[in-house]
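Quantities reported herein were computed from a predicted structural model and do not represent experimental measurements. Counting from 1, the numbers follow the sequence of the chain as shown.
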Amino acid sequence: MRNGIDQSRLISVGVVGLGTIAQVAHLPNLVDLSNRFRVVAVADLSAQLAEEISKRLPGPVRATTDWRDLCTDPAIDALLLLTPGDHSSMAADGLSAGKHVFAEKPLCYTVAEAATLGKQSRAAGLVLQVGYMKMHEAVLAKAREALGTIGDLRSVRVIVRHPSDESQLRDAGIVRFDDVDAVVPPSSQAADQTRVALGEVPEEYGRLYRDVLHGSLIHELSLLRAVLGHLPQSIESATAWPIDQLTSLNGGPPCVSAEGIFAADARFQIDWLWTPDQPTYYEQLEIVGTAGSIELRLPPPYATKRTAELVVDNSDGINRIDGGTDSAFNRELRAFHEAVSSGTPGLDAEGVGEDVAWLQRLTTRLALDRAVTVSSEAGSS
Ligand SMILES: NC(=O)c1ccc[n+]([C@@H]2O[C@H](COP(=O)([O-])OP(=O)(O)OC[C@H]3O[C@@H](n4cnc5c(N)ncnc54)[C@H](O)[C@@H]3O)[C@@H](O)[C@H]2O)c1
């Protein structure tokens, strides 16, 4: 024991990518969980940002611009990958270097990579966890319990109203420097993976697939899996609009809606709406059965101290359940610590692969809406 901390339970981490999500959520939570984690090194393409963040953390913390330094550092047990885009090649390299890996979503763009990474982590006995923090909301266990009280399922609906990051992060005090370009063009690797995922498609569908579906809507899939145990069975129709936002991103990304069959006799609808100037992010999952309903209201992603709230309406009356103050971001890091400490590989590999396959089917439907054919890796049904 040193400073009241059991050193054997401390996991030494290297953090890669020190932008928005690192500064708003993961770094404060790592500090808050100092009885579980110790940040020993940070990496960012921006040397100034890496230096600045290393100084702000309880130290000593090494700063570097080359994330591979962290792979070869024997003092590091685990990597947190918080860079933009997908994290498949970094995750594979981290696992090959013998590190446990926590990767922000999306993990990968192809079903094949999800399977390969799952196999790699299991074979190496290393944890690979994806940053699906919504799956860790405290009230989810009660939502699952309530499913047994609402009769036969009839409808599952998700709505997201997504403001721009500028509007959500106005007062977040994110530190950035101009020693690297702020906008990194999509890597050729991302383009190659998109080709494997979707075949040859107009670039707007590649962008939609990567930036909107994997960048945000994928969270809703992880939430559906966490609460209801599976994804919607089939997508009957889907549309992305306004059209100039789909084709040129004029005014931001397009809105996306899809509907179809969730399961026998239950419909689903998802509406992901780009509402750039709306002051507050809004997200709700509504589950309706023949004998009651469940509403789950999720907090804005950058309101990292807030938690989901649940309303269950059944034969017992209307019951409102508050998620308390134990945030999903904090809980997901505790789950990572638990998985590493107990030697339980953490990647829900099948779940990640299912999400990727579902997003490929959704893209196929979205393209069909404009008579564009997509031959996705996952097929169309
Ligand atoms: N869970 C959530 O709700 C949530 C919310 C926002 C973002 N995210 C995810 O977090 C990740 C990062 O998003 P962000 O908004 O923080 O991005 P960001 O652009 O604000 O920050 C990313 C940082 O990574 C650095 N970087 C890029 N490539 C690098 C490399 N090869 N080596 C070292 N550093 C590198 C950049 O310089 C930048 O500082 C994305 O995968 C995103 O999907 C998740």
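Neither side chain, R361 nor S376, offers a donor N or O lying under 3.5 Å from an acceptor on the other. Judged by distance alone, the side chains of S96 and Q120 do bring a donor and an acceptor atom under 3.5 Å apart.
No donor-acceptor pair under 3.5 Å is formed between the side chain of T275 and the backbone N or O of Q278. Under a 3.5 Å cut-off, the side chain of N29 and the backbone N or O of A25 do form a donor-acceptor pair.
One hydrophobic cluster, built from ILVMFWY side chains closer than 4.5 Å, holds both L366 and I243. Under the 4.5 Å side-chain heavy-atom criterion for Ile, Leu, Val, Met, Phe, Trp and Tyr, L362 and L273 are members of distinct hydrophobic clusters. Hydrophobic clustering of Ile, Leu, Val, Met, Phe, Trp and Tyr side chains at less than 4.5 Å, counting indirect connections, keeps I159 apart from I235.
The aromatic rings of H214 and Y109 lie perpendicular to each other, with more than 60° between the two planes, well past the 30° mark.
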Evaluate side-chain hydrogen bond (donor to acceptor under 3.5 Å, both in side chains) for S257 paired with W272, printing each intermediate quantity in order. CA-CA 6 Å; S257 288; W272 186 95; over 6 Å; no
Evaluate the ring pair (Phe, Tyr, Trp, His ring centres under 6.0 Å) criterion for residues H230 and F262: first the C-alpha distance (whole Å), next the side-chain angles of each, then the deciding distance (0.1 Å), finally the verdict. CA-CA 9 Å; H230 63 94; F262 187 80; 4.6 Å; yes
Quick one, H26 with F102, criterion ring pair (Phe, Tyr, Trp, His ring centres under 6.0 Å). Give me CA distance, side-chain angles, the key distance, then yes/no. CA-CA 11 Å; H26 296 303; F102 173 95; 5.3 Å; yes
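Ion pairing between a basic and an acidic side chain is recognised when a charged N comes within 4.0 Å of a carboxylate O; D326 and R334 show such pairing. Salt bridge present: E283 and K134 bring a charged side-chain N and a carboxylate O closer than 4.0 Å. The pair E204-R370 meets the salt-bridge criterion, with a side-chain N (NZ, NE, NH1 or NH2) lying under 4.0 Å from an Asp/Glu carboxylate O. A salt bridge links D355 and R225; the closest N-O separation between the charged side-chain nitrogens and carboxylate oxygens is under 4.0 Å. With respect to R9 and E338, no salt bridge is recorded, no charged nitrogen being found less than 4.0 Å from a carboxylate O.
In terms of heavy-atom proximity, G17 sits nearest to T83 at CA-CG2, 4.0 Å. Residues K105 and G215 share a closest heavy-atom pair of NZ-O, 2.6 Å.
Every pair passing salt bridge (charged side-chain N to carboxylate O under 4.0 Å, His left out) that includes a residue from residues 81-97 is listed here, sequence neighbours excluded: R68-D93. Listed by first and then second residue, the salt bridge (charged side-chain N to carboxylate O under 4.0 Å, His left out) pairs that reach into residues 291-319 come to none, sequence neighbours excluded.
From S89, atom OG reaches atom CD of Q193 across 7.5 Å, with rounding to the nearest 0.5 Å. Within the model, atoms CD1 of I21 and CD of E104 stand 5.5 Å from one another, a figure rounded to the nearest 0.5 Å. Between the OG atom of S293 and the CG atom of L153 there is a distance of 11.5 Å, given to the nearest 0.5 Å. Atom-to-atom distance recorded for L18:CG and L27:CG is 6.5 Å, nearest 0.5 angstrom. Taking NE2 of H219 as the reference point, atom CG of L224 lies at 13.0 Å (rounded to 0.5 Å). Once rounded to the nearest 0.5 Å, the distance linking CD of E286 with CG of L296 reads 11.5 Å.
When V340, V31, L333, L80 are each tested for a side-chain contact (heavy atoms from CB on, under 4.5 Å) with F37, only one passes: L333. No option in V227, L223, L310, T307 other than T307 meets the side-chain contact (heavy atoms from CB on, under 4.5 Å) test with E137.
By the 6.0 Å contact criterion, CZ on R154 is enclosed, its count of non-hydrogen atoms from other residues, nucleotides or ligands being greater than 12.
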